[in-house]
> 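Pasting in a structure now, in structure tokens, and then I'll have a few things to ask.
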Number of protein chains: 2
Amino acid sequence: MSAVLEAPKGKGEATRERILEIAEAAVLAKGFGATSIEEVIAEAGLTKSGFFYHFKDKNALAREMVRRYVATNDRLFDEIFGRGQQLSDDPLQAFLISLKLLAETMADLPNGHPGCLIASICYQERLFDREIRDLTAQSVRDWNARFRTILDGIAAVYPPREPVDLDDVADMLSCIVDGAIIMSKTLNDPGRLERQIMLFRSLVKLMFAPN
Amino acid sequence: MSAVLEAPKGKGEATRERILEIAEAAVLAKGFGATSIEEVIAEAGLTKSGFFYHFKDKNALAREMVRRYVATNDRLFDEIFGRGQQLSDDPLQAFLISLKLLAETMADLPNGHPGCLIASICYQERLFDREIRDLTAQSVRDWNARFRTILDGIAAVYPPREPVDLDDVADMLSCIVDGAIIMSKTLNDPGRLERQIMLFRSLVKLMFAPN
DNA sequence: TCCAAAACTGCACTCATGGTACGGTTTCTC
DNA sequence: GAGAAACCGTACCATGAGTGCAGTTTTGGA
């Protein structure tokens, strides 16, 4: 999660990062529209002028937030699904390992998953310009494509028993994660996210594993 | 969806309903925090004084919106899952029929699903008082319990092949619907919701149906 | 038909926030 | 030590939530 060993950047870069982190937490808790710049700068310890030095307006903040969120998520997926492939040559086993890793990662979050920024933005679409909406859409497409590629590899070895559409199965993982985050938050029960991922894992086994 | 043959209410009740409908659409598109009372009353064709005659403050509006949303959803589920039970005495068949009906209902929405109010609120929790959060949590618990009851009936006849936790499977339906709504909205592809429900249906078959 | 309650309108405020503009000041870096 | 980067202070405007209250229209029932 935290940026380690990044190239040494200027002091301004650190401030930007701090603003983005605070803003993201606020947006996930109250929504973008209800997140005031004033409270962000108060927590970041700088003035309004300082904020507008870094971000042209609120929309520029949103753009950078999304970029940051997508990049972080991409790195996490690279790591988790890469690790799975390292640990098993069998595509199905590799995926099952990765799903277990994903579930554990989610379970290890101290206060539960803070929320999906893409979902948050989706429920406030009117507030964002086209560039941001394109960014979120493309990231979802990329994630779905990633899962689809993995499933193709599995299906080549283990023909699925029920005739399921692999595109839909790929979509399903994102759907379940997003839906389970919402349920976890709504019920104030962080554990549900982990359980849903593990259930999806069971269903993958059911779909592909030979009897 | 539309209220037919309701008891004839006062004119005020109709105005309230109109406000709630407009407000719900606005909240699902921009979030509660970014929905201004001014725009709601502009669309509803009344003054600010008129609005505050009906709702004490914005939070009272939110409370009634949630109540309305939950009640509408409950009625829809009653109808869909009741209809399934009418059409088949076999609990598994009845559930599969209901899921197909649910998928069709979602597919029939003219501009795709407008969004889940509970999900919208979940991503703006800080804006709402405890009563509203309790309302959303309880409705999710009720829906999960409803599905769990159905699954119990199925499992009593068809023992599941893989050892899956029925509570988790019950949760999964809500998760998938909520997640698929987000994906549909983000990708601007309404069809994905229907497909995810149908995939869930396939997986229910896989879990319970004998070979 | 009339009357009281319900359903509003109009206006005049307060306060918080997003956002703009701009000049000045500190702090780093070469 | 100079110049650029990273800020601070202040003043200002528009919008929107919310309050208060007096006045007006509409409606349903005796």
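Throughout, a chain's letter reflects where its sequence line sits, starting with A, and its residues are numbered from 1.
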> Report the residue (B:F51 or A:K58) whose heavy-atom-nearest nucleotide on DNA chain C is the more 5′ of the two.
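Its nearest nucleotide lies further toward 5', so the answer is B:F51.
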
> Does B:T15 make a side-chain N or O approach to OP1 or OP2 of C:dA7 shorter than 4.0 Å?
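For C:dA7, neither OP1 nor OP2 has a side-chain N or O of B:T15 closer than 4.0 Å.
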
> Given atom CG of A:D57 and atom P of C:dT20, what is their separation to the nearest angstrom?
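About 6 Å, once rounded to whole Å.
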
> Once you round it to whole Å, what is the distance between P of D:dA22 and CZ of B:F52?
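Going from B:F52 (CZ) to D:dA22 (P), I get 19 Å.
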
> Is there a side-chain contact between B:L151 and B:D167 in this structure, where contact means two heavy atoms from C-beta onward sitting under 4.5 Å apart?
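The answer is no; the side chains never approach within 4.5 Å.
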
> Please determine if a side-chain N or O atom of A:H54 lies less than 4.0 Å away from the OP1 or OP2 oxygen of D:dA6.
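For D:dA6, OP1/OP2 do not have a side-chain N/O of A:H54 under 4.0 Å.
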
> Roughly how many Å is it from CD in A:E13 to C1' in C:dC28, rounded to a whole number?
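Checked: the CD to C1' distance equals 15 Å.
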
> When only distance counts, do a donor and an acceptor, one from the side chain of A:S49 and one from the base of D:dG9, lie under 3.5 Å apart?
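Under the 3.5 Å cut-off, the side chain and the base do form a donor-acceptor pair.
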
> Report yes or no: do A:D74 and A:W143 form a side-chain donor-acceptor pair below 3.5 Å?
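Yes, A:W143 and A:D74 have a side-chain donor paired with an acceptor closer than 3.5 Å.
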
> Using the salt bridge (Lys or Arg N to Asp or Glu O under 4.0 Å) rule, collect all pairs that involve residues 25-48 of chain A, keeping only residues at least two apart or in two chains.
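Residue pairs with at least one partner in residues 25-48 of chain A: A:K30-A:E39, A:E38-A:K48.
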
> Test for a donor-acceptor pair under 3.5 Å between the base of D:dG9 and the side chain of A:K48, counting only N and O atoms.
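There is none.
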
> Consider the side chain of B:E38, meaning its heavy atoms from C-beta on, and name the nucleotide among D:dA17, C:dG18, D:dC8 that approaches it most closely.
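When the side chain of B:E38 is considered, D:dA17 is the closest of D:dA17, C:dG18, D:dC8.
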
> Measure from CZ on B:F55 to C1' on D:dT19 and round the result to the nearest Å.
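The answer, rounded to whole Å, is 18 Å.
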
> Among D:dG16, D:dG9, C:dG18, find the nucleotide with the atom closest to the side chain of A:T47.
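Nearest listed nucleotide: D:dG9.
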
> Which angle, to the nearest 10 degrees, lies between the helix axes at the two ends of the helix from C:dT1-D:dA30 to C:dC30-D:dG1, each defined by five pairs?
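About 30° separates the two local helix axes.
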
> Can you tell me how far C1' of D:dG9 sits from CD1 of A:I41, to the nearest Å?
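The answer, rounded to whole Å, is 12 Å.
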
> Distance from A:K185 atom NZ to B:I118 atom CD1, nearest 0.5 Å?
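Spacing of NZ (A:K185) from CD1 (B:I118) equals 15.0 Å.
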
> Salt-bridge test for B:K100 and B:E194: reply yes if a basic N is under 4.0 Å from a carboxylate O, no otherwise.
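Salt bridge: no.
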
> Nearest whole Å is fine: how far is C:dG10 C1' from B:L46 CG?
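Rounded to the whole Å, the gap is 13 Å.
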
> Would you indicate whether the side-chain heavy atoms of A:D134 and A:R130 approach each other to under 4.5 Å?
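Result yes, sub-4.5 Å side-chain heavy-atom pair found.
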
> May I ask you to evaluate whether A:Y53 reaches the phosphate of D:dC7, defined as a side-chain N or O under 4.0 Å from OP1 or OP2?
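Indeed not, no polar side-chain atom of A:Y53 lies that close.
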
> Regarding B:R16 and the six-membered ring of B:F55, is the cationic atom NZ or CZ under 6.0 Å from the ring centre and inside 45° of its axis?
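Verdict for B:F55: a cation-pi partner in B:R16.
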
